[in-house]
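Working notes, beginning with the structure itself.
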Amino acid sequence: MELLRLEQEMIMGQGQKEASLEEEENMKDEGLSSNLWTVVSMIIFLLIEIWRQDYLDEHSQEPNLEEDDSTILGNMFEGVTLPNKAMLACFYEQCIRGATNDAARTREFVEGFADDMLEALRSVCNRDADMEVEDSIGIGSMYENWRVNKPLICDLIVPFSPPEPYRFQSQIWSSEISIPPDKQGYGKIKVCRPDEGGTGCICDKTKLGEDMLCLLHSKNNMAKMNREMEDLLCCKNTQYLDTDQVMKWFQIAVTKAWNKISRKYEFDLTFSHLDAPGALKIKFRSGKCITFNLSPVVQYEDSDVYFMSHVSSSSMLNDTSSSIYWFLSFAVYERRFLKDVIKRLPENSCHLSCLQIATFLHGKQCSLTGQSGLTNYHLKTVLMHLLLARPYADWDFDHLEARLRDMLNYLKKCLQEKKLHHFLIGNPKIPETTQLPEVFRYAEPLNLFRPFVLHRDLYKKTVDMFNEMLKNATVLINEYTLHIPAEHTHIINKVS
């Protein structure tokens with residue numbers, strides 16, 4: 001009887017266990033189905049979000065020229081008025097064109113002095129162990145003819161290369177996984193030995209006889225090459241060119257070069273500030289000063305793109321968080337684009353006038369409220385985008401007021417979206433005559449306003465400064481043209 005009872009309990013327990021296992025399996029199947037559906041839903045949502053973001057990126061940077069301009073400008077500039085085209089034309093002739101009369105003479109003087117300095121620099125450097133410098137190249141507002149705010153600063157870049165048999169190997173953010181995503185627009189420069197990349201000694205490919213010795217790769221020479229890498233301006237324990245080391249080398253070389261030729265000149269030369277490689281200041285005995293930047297750069301492959309160790313605060317936001325990342329400058333291509341587009345614009349075009357007035361207002365506002373995240377380079381980028389978006393005939397000087405409004409409207413829209421695309425990177429609409437390498441033409445668009453997404457305080461300060469600039473624009477222009485000389489009255493009559 002007892003055995004029978006135990007057998008029955010075992011049979012019942014086994015049945016309950018099987019039922020429990022079956023219930024667990026059903027629950028697992030239901031859980032897997034639920035999880036699978038959740039994953040599929042998330043994937044569909046992400047695909048929709050990616051498509052939406054791509055669509056917005058594609059269209060957000062293009063001005064909608066089909067909308068009613070008066071409606072757009074009325075909403076964007078509510079409570080803000082700009083002077084009429086007659087007053088703007090007079091303001092431009094009186095305060096801007098006259099202020100840039102000596103720009104050509106300044107460029108000529110600086111270029112001649114820079115050539116003399118670089119020649120002296122070559123003579124004081126060790127040709128067998130030091131970097132080799134090339135001739136300077138003029139870039140920026142002074143060479144694109146839109147510099148307004150004084151002092152009239154010339155920006156010159158000086159390409160340099162390592163001594164033989166070393167070479168530079170470029171690595172840019174769009175083709176290197178090792179470059180972090182927050183370094184878009186940057187790259188690294190590797191200093192390569194002769195045997196790296198398969199372009200050096202052949203001893204690693206051929207077995208040498210016992211009586212043959214490789215003069216390059218003997219043990220003593222290898223130790224010597226390791227020591228020399230530390231002297232080639234590389235970051236410690238790496239083969240990557242160090243921006244700080246390059247700055248120190250260049251400042252020392254410039255000092256030696258000036259000591260050699262200083263007797264020829266009747267002025268003093270000093271560094272205007274020490275956190276840039278070649279920020280130089282010439283001071284004459286009369287008290288007049290001329291400032292210019294002489295910046296060492298590295299050429300990217302065979303193009304006119306250059307790696308810059310330090311970026312002028314007047315052109316771009318500077319980021320010096322790591323000394324092995326170099327900023328890529330497209331200034332030569334931008335100058336080429338502006339030079340080519342003039343051939344298609346009306347003879348009396350207002351495109352540079354718009355940029356000059358905007359930079360004038362921006363400079364005056366910054367002198368009142370301090371610097372912000374908005375730079376003159378951003379203003380130039382806005383202009384270049386509009387040059388491709390607007391018909392060339394719309395840039396006649398008679399449309400100065402309308403085009404200036406377009407620029408400010410476009411910039412405010414970009415600030416609201418925290419998105420301003422680089423003009424050349426990822427822009428397939430740029431003309432073929434610009435000859436930009438395809439690796440940049442077809443890269444992902446680069447957002448110049450990305451710092452505003454990461455730094456809320458900087459964004460708020462920039463927006464406040466921009467709004468104040470808009471409010472003060474009319475008052476400022478009227479103030480500078482309040483007393484109009486007699487020789488300028490014909491301008492108002494002609495425009496009116």
Side-chain angles (χ1 to χ4, degrees), residues 100-127 130-147 149-162 233 243 246-286 288-299 304-316 326-327 329-336 339 376:
T100 57
N101 285 336
D102 56 347
R105 293 193 300 271
T106 302
R107 286 196 302 264
E108 184 179 358
F109 172 80
V110 170
E111 288 171 359
F113 178 69
D115 290 341
D116 201 8
M117 280 282 293
L118 293 177
E119 188 62 33
L121 190 151
R122 296 185 188 99
S123 66
V124 299
C125 290
N126 186 342
R127 294 175 181 256
D130 212 338
M131 298 291 176
E132 301 176 4
V133 296
E134 302 176 13
D135 294 334
S136 62
I137 303 171
I139 61 171
S141 57
M142 280 289 284
Y143 292 89
E144 295 163 349
N145 297 315
W146 56 271
R147 177 80 186 189
N149 298 320
K150 291 187 176 182
L152 300 176
I153 302 176
C154 290
D155 291 306
L156 302 172
I157 57 175
V158 182
F160 70 95
S161 56
L233 311 180
T243 59
V246 169
M247 180 176 67
K248 294 176 183 177
W249 157 74
F250 194 72
Q251 289 178 341
I252 293 173
V254 166
T255 303
K256 292 179 179 179
W258 171 243
N259 290 335
K260 183 174 181 178
I261 64 173
S262 59
R263 295 184 300 272
K264 296 169 50 178
Y265 296 95
E266 296 182 354
F267 54 73
D268 295 327
L269 180 70
T270 59
F271 290 100
S272 56
H273 48 90
L274 296 179
D275 58 349
L280 299 170
K281 182 177 182 179
I282 296 173
K283 186 175 182 180
F284 296 91
R285 294 178 180 176
S286 62
K288 180 181 179 181
C289 296
I290 294 179
T291 55
F292 66 98
N293 295 315
L294 199 64
S295 304
V297 298
V298 174
Q299 184 181 20
D304 288 323
V305 178
Y306 292 94
F307 291 94
M308 298 191 69
S309 59
H310 294 73
V311 185
S312 172
S313 60
S314 63
S315 60
M316 287 290 291
W326 294 60
F327 184 82
S329 171
F330 297 80
V332 175
Y333 289 102
E334 292 163 357
R335 180 183 177 186
R336 184 178 302 163
K339 184 178 179 180
N376 289 342

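Computed from a prediction, not measured in an experiment: that's the story for all the values here. In this chain, numbering begins with 1 at the start of the sequence shown.
- Residues Pro159 and Ile137 form a side-chain contact, since some pair of their non-hydrogen atoms from C-beta on lies under 4.5 Å apart.
- The nearest pair of heavy atoms linking Met142 to Cys154 is CE-SG, 3.7 Å.
- Using a 4.5 Å heavy-atom threshold, the side chains of Pro162 and Met131 count as touching.
- Of the inter-residue distances, the one linking Phe113 atom CZ with Leu156 atom CG reads 11.5 Å to the nearest 0.5 angstrom.
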Practice prompt. Would you check, one step at a time, whether the test side-chain contact (heavy atoms from CB on, under 4.5 Å) holds for Val298 with Phe160?
Written response: CA-CA 6 Å; Val298 174; Phe160 70 95; 3.6 Å; yes

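- Taken to the nearest 0.5 Å, the CD atom of Glu132 stands 12.0 Å off from the CG atom of Leu121.
- Remark: side-chain polar atoms of Arg107 are not paired, donor with acceptor, to backbone N or O of Tyr143 under 3.5 angstrom.
- Atom CG of residue Asp115 and atom CE of residue Met117 lie 11.5 Å apart, to the nearest 0.5 angstrom.
- The side-chain hydrogen bond (donor to acceptor under 3.5 Å, both in side chains) check on Tyr333 picks up nothing, with sequence neighbours excluded.
- With sequence neighbours excluded, no residue forms a salt bridge (charged side-chain N to carboxylate O under 4.0 Å, His left out) with Glu108.
- Here Asp135 pairs with Arg122 under the salt bridge (charged side-chain N to carboxylate O under 4.0 Å, His left out) rule; sequence neighbours left out.
- Taking each heavy atom of Trp326 and Pro296 in turn, the nearest pair found is CZ3-O, 4.5 Å.
- When the side chain to side chain contact (heavy atoms under 4.5 Å, CB included) test is applied to Pro151, the partners found at least two apart in sequence or on another chain are Ile153, Thr291.
- Of all heavy-atom pairs between Ala114 and Leu294, the closest is CB-CD1, 4.2 Å.
- Legend: residues meeting salt bridge (charged side-chain N to carboxylate O under 4.0 Å, His left out) with Glu144, ordered by chain and number and at least two apart, are Lys380.
- Contacts of Phe307 classified as ring pair (Phe, Tyr, Trp, His ring centres under 6.0 Å), with partners at least two apart in sequence or in another chain: none.
- Nearest heavy-atom pair across Asp102 and Thr106 is O-OG1, 2.9 Å.
- Put simply, the side chain of Arg147 never gets that close to the backbone of Gly140: no donor and acceptor are under 3.5 Å apart.
- Here Ser329 pairs with Met308, Ala331 under the side chain to side chain contact (heavy atoms under 4.5 Å, CB included) rule; sequence neighbours left out.
- Taken from CD1 in Ile139 to CD1 in Ile157, the straight-line distance is 4.5 Å, to the nearest 0.5 Å.
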Review item, side-chain donor-acceptor pairs of residues 265-274, under 3.5 Å, at least two apart:
{"residue": "Tyr265", "atom": "OH", "partner": "Asp116", "partner atom": "OD2", "Å": "2.5"}
{"residue": "Ser272", "atom": "OG", "partner": "Ala279", "partner atom": "O", "Å": "3.1"}
{"residue": "His273", "atom": "ND1", "partner": "Asp275", "partner atom": "OD1", "Å": "2.5"}

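- For Asp304, the salt bridge (charged side-chain N to carboxylate O under 4.0 Å, His left out) partners two or more places apart in sequence, or in a different chain, are Arg336.
- Going from atom CG of Leu280 over to atom CG of Asn293 covers 8.0 Å, rounded to the nearest 0.5 Å.
- Counting only residues at least two apart or in different chains, side-chain hydrogen bond (donor to acceptor under 3.5 Å, both in side chains) contacts with residues 248-261 comprise Ser123-Lys260, Asp130-Trp249.
- Side-chain contact between Ser136 and Leu118: present, with at least one pair of heavy atoms (C-beta onward) separated by less than 4.5 Å.
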